[in-house]
Every structure is written in C-alpha cells, then in structure tokens.
Amino acid sequence: MISPRYHREKPQRYRLEAGKCTKCGEIHFPPRKVCRKCFAREFETVELPRRGKVVTCTTVWIPPAEFDDQKPYVNAIVELENGVRLTVMISEAPPDEVDIGTEVEIVFRRLQHGPAWEVIRYGYKARVIAG
Amino acid sequence: MISPRYHREKPQRYRLEAGKCTKCGEIHFPPRKVCRKCFAREFETVELPRRGKVVTCTTVWIPPAEFDDQKPYVNAIVELENGVRLTVMISEAPPDEVDIGTEVEIVFRRLQHGPAWEVIRYGYKARVIAG
Amino acid sequence: MRDVAVIGMGLTPFGELWDTSLRDLFAIACADCLEDAGVARDQVQSAYIGCMTSGLFVGQEHLASVLCDYAGLRGLAATRVESACASGGAAFRAAYLEVASGASDFVLAGGVEKMNDGADATYCLATAADQEYEAYNGVTFPGLYAMIAKAHMAKHGTTPQQLAAVAVKNHRNGAKNPKAQFPLEISEKTVLGAVRVAEPLGLFDCSPVTDGAACVLLAPVEFARKLGKPVVKIIGSGHATDAIALHDRKDPSTIPVVALAAQRAFKQSGLTIRDIDFAEVHDCFTIAEIVCTEELGIFEPGQGGPAAAAGKTARDGEFPVNTSGGLKSKGHPVGATGIAQICELYAQLTGNAGGRQLKNPRRGLAQNMGGSGGSCTVHILEVEQ
Amino acid sequence: MRDVAVIGMGLTPFGELWDTSLRDLFAIACADCLEDAGVARDQVQSAYIGCMTSGLFVGQEHLASVLCDYAGLRGLAATRVESACASGGAAFRAAYLEVASGASDFVLAGGVEKMNDGADATYCLATAADQEYEAYNGVTFPGLYAMIAKAHMAKHGTTPQQLAAVAVKNHRNGAKNPKAQFPLEISEKTVLGAVRVAEPLGLFDCSPVTDGAACVLLAPVEFARKLGKPVVKIIGSGHATDAIALHDRKDPSTIPVVALAAQRAFKQSGLTIRDIDFAEVHDCFTIAEIVCTEELGIFEPGQGGPAAAAGKTARDGEFPVNTSGGLKSKGHPVGATGIAQICELYAQLTGNAGGRQLKNPRRGLAQNMGGSGGSCTVHILEVEQ
Ligand SMILES: [Zn+2]
Ligand SMILES: [Zn+2]
C-alpha cells in the first residue's frame, strides 16, 4: 500500500463515511461518483451504522504475506443495520464464535503493518457482540 | 528483478548465448522458440561476437530509481560484427566519447544492485575501444 | 454476421515451467496452433491475447507487441485483453466478433499466464478482487470462494463430501490429459484431509498456480469447410459483468453473472442447456463448479452438490463437466484458461481427445469466469454433421 | 460490415488528480459521455476500456468489472484492452468492430490511467519496452525516444530547435483546451533551456505523467442520423504491431508500425493523407510527432522537423496537428490517450472545439502508438455534410 491511495480512502476506513444519493436515497460505501441505482451524480456524506450481522464468513489459514502474522483469522461479509454490506476481518474472537447470523459491531483497528517502507494500515474490523 | 527470471536469462547476460536457426541461419538474441525469418523451430546455441559499432545512443540524466547512482550514463544500440543488435549501457567512458559509429566491445559488468531484497544484477555492458 | 469456426489449436504443457518465459510459452502455443490449422503465419491478420497480470507476475506489459514478435507474427493487428481469470474467454469473444464482422478472415485467440516467476501469486491474484474494499481487509481469493461455499452450504445443505467429489472427478479426467499439471487420481480422503486454505476449502478444493499458454485460430465457416476436417462452429457467445466485490451482490450463494452470460449465449444460438452435450466449467475452486453448474441450468439451484456426488458430471455421467481435468487438475494459468477450455471443446468435437474422448459429442459449452464472479463469458461450439 | 458513428464523448480534466481514484475517473468520463450522447445506460451493451498498467500503478486488475460497476453499467459485456500507450486506440478499434459486426448497437470505448498514485512511473512505463533486454540495461522511455531523435538528427539534420517547435506549438494549442494538464504557452527558450532528461531530449520534449479518463459512445450510422446532430462516421481503422525492442527494428530514425497502421486505415477508407484535414498524432515526445508526421505521409521523410519549425502543423497551418495540445500540453494518461484523441476529432468535426476550433474540418485522423513503436492504431473520422 502506497500512501496517496491510502490517504484518499481514510474517510471510509477511519470514519465509515458513505455517499447517499440525494435523488433516490441509495447509500454507497465507498462513495461513488454515479449512483448505481438511479445514475444521479449528487451525494451527501453519511456515516454508516456500526452494528450488523454476518452474512457469510471463512477462516483464512493461508493469507497473503503481509497478513501472515495474524493467521488464522476470520473474514466475513457483514450486513449493517441499514443494509450496506462490508467485507471485514473479525477482531478478537476465536473462529468458532463466528457464524452466519452472528451479531457484530464495527471497530477501528490496525489491519497490518506491512514491510518497512510502506505505510502502516489502519481501518475497520468487526467485533462479536457478546450475547 | 526477482530471481527465477534472473536465473533463466543468465546464459544470455553472462555469455551472450544466442540461438541460430538450423534451417535458415538467422541468429536470434535472446534465443527464440520460433525463427522470426522462416518460422522453423530448431536452433543451435552460438555465442555472439564481442565487437561492434554504436547505431544510436543517448545520455540518460533521469534514470529509474535503481540506476540513480550511475547517472548520467550512456545507453546505446550496438550492432555487433554479425549484424545482431543489443541495447547496452556504456561502461567506463564519458558521454562525449560515444557517438554514432563509435567502436565498442562487449564486457561483463555489474549492472546495478537494486534494493536489499532483490538479486544483484550482472550482465553485459559495452566499452569504447581506444582508437 | 458471418458464421465463424475454430480451425486449429495449440496448447503448451501446463505446470511449473521455470525454464520457459512468458513470451516463449505463447510462441510455442501459437506455433503449434498454426501448424494444427495448416495456415501460414502471414495469413493471420489479427490476434487477441488474454492475460491477467503480466505486469505484476513478470513486470512486462505491451504484450501484444512482445508476444507476437516472439511468435514470428510481426506486423499483424494484435491486442491484449484482460478480465482477470476470464481474460481468455474475453479474447476469444473479441476474435470471434472480428471474424464475424468481416474485417478479418484469420484471427488468433490466445491466452497466457506465467505465474511461477518469483512474484507473490496470492497478491497478484487478489488484484482480481476489489483491492481497496476486499483485499485490503485480508480476504484472499480462496477466502472469497470459501464465503460462497459457506453460504451455499447454509442455504442448500451442500457438504464437504460433495465438494470433494468435484475434485476427485476432475483429477480422474485430468489423469487422461497429457497436458495436465497434476494428471493423477486422488481420493475423497485426500481432499477432505488436506491442509486447510480457507474454511471450508482445503488445498485440494483449489486450482493450482500454473504456467501455460493456449491458442486457437478462427476463420469463416466457408473456409473451414474446405479443410476436410470436422467443422467446429461458434454458435453462441455471451459475456457479462457484475459488481467486483462479493459483498456488493445480493446472495453470496449464487454467481448471477454466469447465468446472465449463459442466457446471452443461449439466446444467440436458439438453444437451451438441454441441447448441450458437455461443458468446460470454471472450477477455480470445487464450489465454483457446483455453483456454475447450477447457474448454467445443468442442475437446479442447490442440486449441483448432490449431482456431483452422484457422478452426473463424470465423463460417463449424464452431463460430463470438465473432461479436460478442469482448472483443478489440468492447471489454471489464469489468462490462458478460457482458451484452454475452447481447446478441450475443439478436441472433443473433432474426436481428438484421446483417452478422455466422449462418444460423438455434438455441442459443447465453455464457461470462463473472472474474480469471484465479476465477469463471465460463455461460448457454445457445435460440430457440423 | 455496418457503418459506425461516434455519437458522444466524455473527458475528465487531465492532470495530477490526487483526490480522484482510478475507478472514479472512469465513472466521471463515462457518465459525461452517456449524457452527451443522450443514451440511457441500460442501452449500452458492451464496453472496451483501454488501460496500460493499473496492476502496477494502483494494484488493481479486473478493470472491466470494477470500472463498469462504479460507472453504474452493471451487467453489460465489458473488456479491458492493453497495448501500452496505444491501449485507448486498441479499445476504440475493438468497439468499432463490435458495432460493425452487428452483434451490438451501443458500445462504449473508454480509456483510463491513474499514474499519480505513489508508484514509480518510470518503472511502470518501462514495462511497455522489452523489460529483459532494454529496461534491464538501464534504458528509459525518454531514452528510447532520445535514441530515435539522435538517429533522426544524424540522418536528416533535424535540430533541437525543430523539436522545440513541436512543444511550443502544442502548448499554444493546449492553452485553448480547458481540460489540458498544462494549458500554458511556452517559448523555444524554455524548451531548449530545460533540465535534460535523455540527450537530446529535455523536460519540455517529454509528455507529463497524468491522471485522466476518456470515453466515446459508438452506434450504427443509421441511429446517429436520427439524433439531429452532426454525424461523425468511422471510415478507416488500421492497427499493426512490430518488434517490441527498438534494437530489433532496422532503422531507429523511423517508426514503421505507424506507416503500416496508416496504410490499412487508408486502404479501408479509399483515401490518402491528402484527403485528411487535421490529425491528432502521438507526441509522447517531440521527436515522436516529427517522425509520425513523416510516417503518416503528411511530410516526406526528413521534412517533419522543418515543417514543424515553419508552422505547417500549427492550427492555422497547412495541416494542423494536435489542436488539442497533444500529449505534450493536454497530458498523457497512457491508457486514455487514444480515446482522448478521438474526443478531439469528434469535438472538431461537430464544431465544439471552442477556442481551438478549426474552420469546417471534414476529416480527421487519430494516430495512437504503443511503446517505442511496437504497436499503433490509426483511425479516420468523417463528418457527413
Ligand atoms: Zn440514486
Ligand atoms: Zn529460420
């Protein structure tokens, strides 16, 4: 990850900023220049809700090199309360506590530190809500 | 430069091994699987002659990062005595000693050392033959 | 549009080919193809070459120039085409349309990928997913298909044994394919006991990392009829895209782009899946073959797993799938795969499939998919009788 | 083949667009294009998108999926096309052939490159040359064109002042182009006194590193005639490749792939260069414009330099070249350039070129080149009168 691209996506990764179509109300995460639903081109910034449920998930045993120190970890697709879906890593839970339907909340975490010459990546993960 | 690719090209970079079409005699550097002249597919290995003349050249002032410590340097297209042409860096000569028609010989040199995690690259350069 | 035929094929061995460069792989497949077709190289007017990411795998772009140069085809119009793992299928479609348009008579469709050259294959392949909103969060390609498998299992009761049946069957077919990377039979026990990659997928649920190239030559059908060989026509071509991120599609137990591409190919040909005798299906993972056989309409939704386990997709089953060994056993050089599928159709339809030959097949279908279902091509080939 | 027209265009500003991602650049150009054409997005059946090396510049492949998704075009058949800096021209040709074939009515031809995103642009661009036998030995892209310039100077007496005349003229044109990256006039003194890049080329002999996207929409001519706008037809399309390495071509003072592609476009249209009113020419370096105007037949071999210095290629000269400002002043987002050239032809032929409008031009030519001359496309557009 090189820094211009990293910095551009910060509002999404640090604050879950999404784009809401001012014409049809469709919420896009990340924000888009063109509404996928009505093709309009004006948006207002909204923050995503933090709570949601796991739609599907997996435990990754063979990660790319830069995630190797975290294996095994759980990736999941989470549907938030407003219907927006995110791909996330699950934070602080053993794999067998996560399943389809598990309730989670989005939290801010370090994702990985990568090689020495790259930026340290931060962003969102999801944490299981104790039942 | 990562090592499998580097190692595969060693016969060319270390010893100027070329492929001579056993059907039409066309010499290919680097060797090819298919003759560009007659489309035959059998070759014998020959070494290129070491002497040649500069066809055209330039002095590079803004190199890619890994050649930065050698700037300014001269790149040239050299035509060897058998008509084969190579792109080379000129070794050990100030830019103003190299011009179209300058006689050179091919020599084995370190090309650059790259970043720490990569292989050190060796290969051919060309040296001006004293007149 | 003119009717178009495939008139020759060339395929390198698939595998870890450390001694063979990207450009040499293509040159070999191209030369074999032109020899097979019996067409002189100066008759080839145009080429489309599928390759996913030579920039990342070997640091070389401008592929149409370097590959045609090293294949001895200097001068022709040539273009590289990319749609991740569907690059080959997209190249085939572009070549088909060029001959169909009448602009050119002889057009080469090729595909190549050099994956074993020192680069991190997991990273390179992840560029077929959304780099910023999928890969950034740690998900790998096996991880995406694992999430598809998990959803499919939850919805339909698909089992690990059913996934394993796909791998076992494809290796059984691949064992009869001399070009296959892993031409060996495996047992269900091997698949289920293999090291885990991304739950519920183990190593033997995944296609390998492969070097290889494939080419076919296309020409007008009228020309093909003069050759005295079986005439293999392209009777349907469908292509579609979808959202790149799996989370941006409604139901992760489905891959709708496959159904959409198939629907377009069926519409063009005026056929349905019932008119097709066999298929090459994009089994990058075992679950992919199961879902794709459902999306293609070979089986009802949820029946892909039971059908595989019951042997319905075996070479002697009711609908043979991946007689070549599929991506799983034959290997998956991503840019070459779509063309290699066409090669298998051509070999089967011309009766040249050797030990894995089907009995007089008339129509075959090739389905080639990009990413986790962001793009797909479907082609239907028919031999004139 | 059916006759095909360009019916709309969209172009982002060109420049260092740090706040705009690859996908957003394309989405903006695509939306502008469809608005200009007045065609609903669900009518677009197919897209070809030129991009050289998003894998290296931004770590993203599978472009057809991600770009169409973010442009709101989900579902259509879409393919990314690569031929280094000629990627846009190759995409335009593929789109043209698809409409000409009758397979689709509305096909988008796009191009995009995001070059300012942190990657080493010199390395990324060098992948358009032979990585193993050119770039390995330290030669850069400016270095290759510098060797072409050196050979041209030795053979024809071309001077640094003649090279500078190209830069001065293109900046004069670009100053009238609101989308240009460097819309400012410069003097010969500025060009000749600039920091050296690769002798005999200085900074102002080189096109810049640029982010940008461009789109045009193609449709059958019969449809275009119903729109009540000037009808801009594609009357010639030529495409050719050559050896990738400059040292593998006979005479480094020439770029024969340009003449070959042009010959094919002229043959199709039944015209010669004398029938053309103006051209967009691939001036990635000042010497490139001089050599290409010779290869296209606008001037005799060796006369490109004197002609530029004499103002023959100026907007009010006998054969205007690069009224847009060219790659030099407008900017050169490599994958987008070929489409941006078509946009300029379309703007001029429809009378929408603003302060740089030519007087009633009838036919324009766009020449788009890959690498140091390993590939080239030439297209001729004509407005119906
Ligand atoms: Zn909307
Ligand atoms: Zn020969």
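Naming: A, B, ... by sequence-line order, numbering from 1 per chain. Heavy atoms only: backbone and side chains are in, while hydrogens, waters and symmetry mates are out.
The part of Lys250(D) that comes within reach of chain B is its backbone (N, CA, C, O), which places non-hydrogen atoms under 4.5 angstrom from that chain. Looking at Ala135(D), only its backbone comes within 4.5 Å of chain B, counting heavy atoms on both sides. Proximity to chain D (any heavy atom under 4.5 Å) is restricted, for Tyr73(B), to the side chain, taken from C-beta onward. Residue contact with chain B, scored on non-hydrogen atoms closer than 4.5 Å, is absent for Asp130(D).
Under 3.5 Å, the side chains of Tyr123(D) and Glu66(B) contain no donor-acceptor pair of N or O atoms.
Checked by atom type and distance alone, the side chain of Thr87(B) never pairs as donor or acceptor with a backbone atom of Glu134(D) at under 3.5 Å. Judged purely by atom type and a 3.5 angstrom limit, Asn75(B) uses its side chain to pair as donor or acceptor with the backbone of Asn137(D).
Lys150(D) is listed as a side-chain neighbour of Asp99(B), based on a closest heavy-atom distance under 4.5 Å. Thr140(D) places a side-chain heavy atom less than 4.5 Å from the side chain of Pro64(B). Taking the side chain as every heavy atom from C-beta outward, Glu132(D) and Arg13(B) approach each other to under 4.5 Å. Looking at heavy atoms from C-beta onward, Gln12(B) lies in side-chain contact with Tyr133(D) at the 4.5 angstrom threshold. Val60(B) has its side chain out of reach of Val139(D): every pair of non-hydrogen atoms, C-beta onward, lies at least 4.5 Å apart.
Looking at Arg32(B) and Asp248(D), a side-chain N of the basic residue comes within less than 4.0 Å of a carboxylate O on the acidic one, giving a salt bridge.
Around atom NZ of Lys23(B), no more than 12 heavy atoms belonging to other residues, nucleotides or ligands sit under 6.0 Å away. The 12-atom threshold is not exceeded at CZ of Arg51(B), counting heavy atoms of other residues, nucleotides or ligands nearer than 6.0 Å. Environment of CD in Glu42(B): sparse, with no more than 12 heavy atoms of neighbouring residues, nucleotides or ligands closer than 6.0 Å. Other residues, nucleotides and ligands place no more than 12 heavy atoms under 6.0 Å from the CD atom of Glu300(D).
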I would like to know whether Leu86(B) and His247(D) meet side-chain contact (heavy atoms from CB on, under 4.5 Å); could you show each step before the answer? CA-CA 6 Å; Leu86(B) 306 176; His247(D) 62 239; 5.6 Å; no

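Put simply, OG1 on Thr56(B) and CG on Leu144(D) are 10.0 Å apart, with the number rounded to the nearest 0.5 Å.
Nearest heavy atoms, Thr58(B) versus Gly143(D): CG2-O, 3.5 Å. Closest non-hydrogen pair, Cys57(B) versus Met147(D), comes out as C-CG, 3.7 Å.
Comparing Pro30(B), Pro63(B), Gly123(B) by how many heavy-atom pairs each has under 4.5 Å with chain D, the most go to Pro30(B). Per-residue counts of heavy-atom pairs under 4.5 Å with chain B were compared for Gly138(D), Ala146(D), Ala151(D); the largest is that of Gly138(D).
Contact annotation for residues 193-207 of chain D against chain B (heavy-atom separation below 4.5 Å, listed by residue number): Arg196(D), Val197(D), Ala198(D), Glu199(D). When the heavy atoms of residues 368-376 of chain D are compared with those of chain B, none of the residues falls under 4.5 Å.
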